[in-house]
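Encoded as structure tokens, the structure appears first; notes follow it.
Every chain is numbered from 1 and lettered A, B, ... according to where its sequence line falls, protein lines coming before strand lines.
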Amino acid sequence: MAHIAKLGALTDELVALLTSASADGEPAKFNAHKESALRALRNHNYPRTNQFDVWNRLDGLDEKFRVYNEDQLADALKERLQKISRLEGKWSSEILHLLLELSDKPLANSKLKD
Amino acid sequence: MPSEANRKQDKEIMAAQARQVIDVFHEISTLLNADLDRQTLSICISLIENGVNPEALASVIKELKKDAEETQKEILQSRGQR
């Protein structure tokens, strides 16, 4: 029960941040977003994260950056990935998997100065 | 038995470490152009630590962003009609 409550509270925060809808200002809209998000998070058919697949995708991205002469971008990514391997253990692959799923044409849009 | 001061110090070290982890993931997120601010990323990390599937979470985030964009467009259109 505590787990469901925690998921609910985190989903509330996520919905509020991404949609700018609040539980007080627009309760109907907020609740609709929250219910649909919670349903999608709890009932899905996605397989568990394969850590080898995640690291292969990141290696592929590194190679792509270098092929297109974006060595600085590749080096910056590599440095952060090495840092993460040292710092965080248990959930790194899952968090990197999320970032890869949300990644939008990094070669064209990512700038090192950001 | 650890003293109160030691416990407080341990907590501070753990909090600093957690902040550092979020900072690095945020930098990776920027390099991958994942379009997540620090606060949203830290909620996503908490959700994943609570067993949420990353792919399911990514699809929820995309859906919520799409809805927010549509709402924003509707607001701008209704302002334009006035």
Side-chain angles (χ1 to χ4, degrees), chain A residues 3 6-7 9-11 13-15 17-21 29 32-33 36-49 54 58 61 65 73-74 76-77 79-81 83-84 87-88 90-112 114, chain B residues 10-79:
Chain A
H3 177 69
K6 188 152 195 195
L7 270 190
L10 288 167
T11 310
E13 285 186 60
L14 187 71
V15 171
L17 274 171
L18 291 175
T19 63
S20 314
K29 198 173 176 185
H33 281 315
S36 115
L38 265 177
R39 213 176 309 120
L41 292 178
R42 288 165 64 187
N43 311 314
H44 63 81
N45 290 320
Y46 297 110
R48 281 174 63 178
T49 296
V54 168
L58 289 165
L61 201 57
F65 282 153
L73 220 49
L77 182 61
E79 189 192 316
R80 268 83 182 173
L81 291 173
K83 242 190 224 175
I84 273 306
L87 285 170
E88 157 86 2
K90 205 175 168 193
W91 300 101
S92 305
S93 304
E94 281 80 2
I95 298 166
L96 290 170
H97 188 185
L98 170 75
L99 297 181
L100 281 168
E101 289 300 322
L102 293 173
S103 175
D104 180 27
K105 301 187 189 93
L107 185 69
N109 298 327
S110 294
K111 298 281 171 281
L112 207 56
D114 294 340
Chain B
D10 285 350
K11 259 189 184 176
E12 279 169 9
I13 291 170
M14 275 168 69
Q17 214 168 5
R19 270 197 300 274
Q20 205 186 347
V21 168
I22 292 173
D23 284 342
V24 182
F25 275 123
H26 188 234
E27 286 169 1
I28 296 174
S29 155
T30 309
L31 287 167
L32 296 181
N33 194 35
D35 191 24
L36 285 179
D37 60 40
R38 208 176 172 285
Q39 206 180 348
T40 310
L41 178 65
S42 98
I43 292 168
C44 290
I45 293 175
S46 300
L47 280 164
I48 287 175
E49 285 172 349
N50 276 282
V52 164
N53 180 285
E55 245 176 303
L57 181 55
S59 77
V60 165
I61 291 171
K62 285 178 195 167
E63 197 61 39
L64 288 172
K65 279 185 179 172
K66 208 169 84 185
D67 285 348
E69 269 173 34
E70 277 166 18
T71 311
Q72 198 64 33
K73 265 186 203 163
E74 280 168 22
I75 292 170
L76 287 174
Q77 271 174 359
S78 68
R79 275 185 194 159

Residue among B/I48, B/L47, B/I61 with most heavy-atom pairs under 4.5 Å to chain A: B/I48
Looking only at B/V60, B/I43, B/L41, the option with the highest number of non-hydrogen pairs under 4.5 Å against chain A is B/I43
Name the member of A/T49, A/L81, A/L58, A/L77 that forms the most heavy-atom pairs with chain B at distances under 4.5 Å. A/L77
Best-contacting candidate, A/H97, A/R42, A/R48, against chain B by heavy atom pairs under 4.5 angstrom: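 Winner by heavy-atom pair count: A/H97.
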Between B/T71 and B/D67 (side chain of the first, backbone of the second, donor and acceptor by atom type, cut-off under 3.5 Å), is there such a pair? yes
Worked verdict on B/V24 versus A/L87 for side chain to side chain contact (heavy atoms under 4.5 Å, CB included): CA-CA 9 Å; B/V24 182; A/L87 285 170; 4.1 Å; yes
List the steps, then state whether side chain to side chain contact (heavy atoms under 4.5 Å, CB included) holds for B/L32 with A/L61. CA-CA 9 Å; B/L32 296 181; A/L61 201 57; 3.0 Å; yes
Verify side chain to side chain contact (heavy atoms under 4.5 Å, CB included) between B/R38 and B/D23, making sure each step is shown before the conclusion. CA-CA 8 Å; B/R38 208 176 172 285; B/D23 284 342; 2.8 Å; yes
Which bit of B/V52 is near chain A, if near means a heavy-atom gap under 4.5 Å: side chain, backbone, both or neither?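 The answer is the side chain of B/V52.
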For B/N50, is it the side chain, the backbone, both, or neither that has a heavy atom closer than 4.5 Å to a heavy atom of chain A? both
Regarding A/T19 and A/H33, is there a side-chain donor-to-acceptor distance under 3.5 Å anywhere? no
Heavy-atom closest pair, residues A/L18 and B/A68: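 Scanning both residues, the minimum pair turns out to be O-CB, 3.3 Å.
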With a 4.5 angstrom heavy-atom cut-off, could you sort out which part of A/L17 is near chain B: side chain, backbone, both or neither?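 The side chain, not the backbone.
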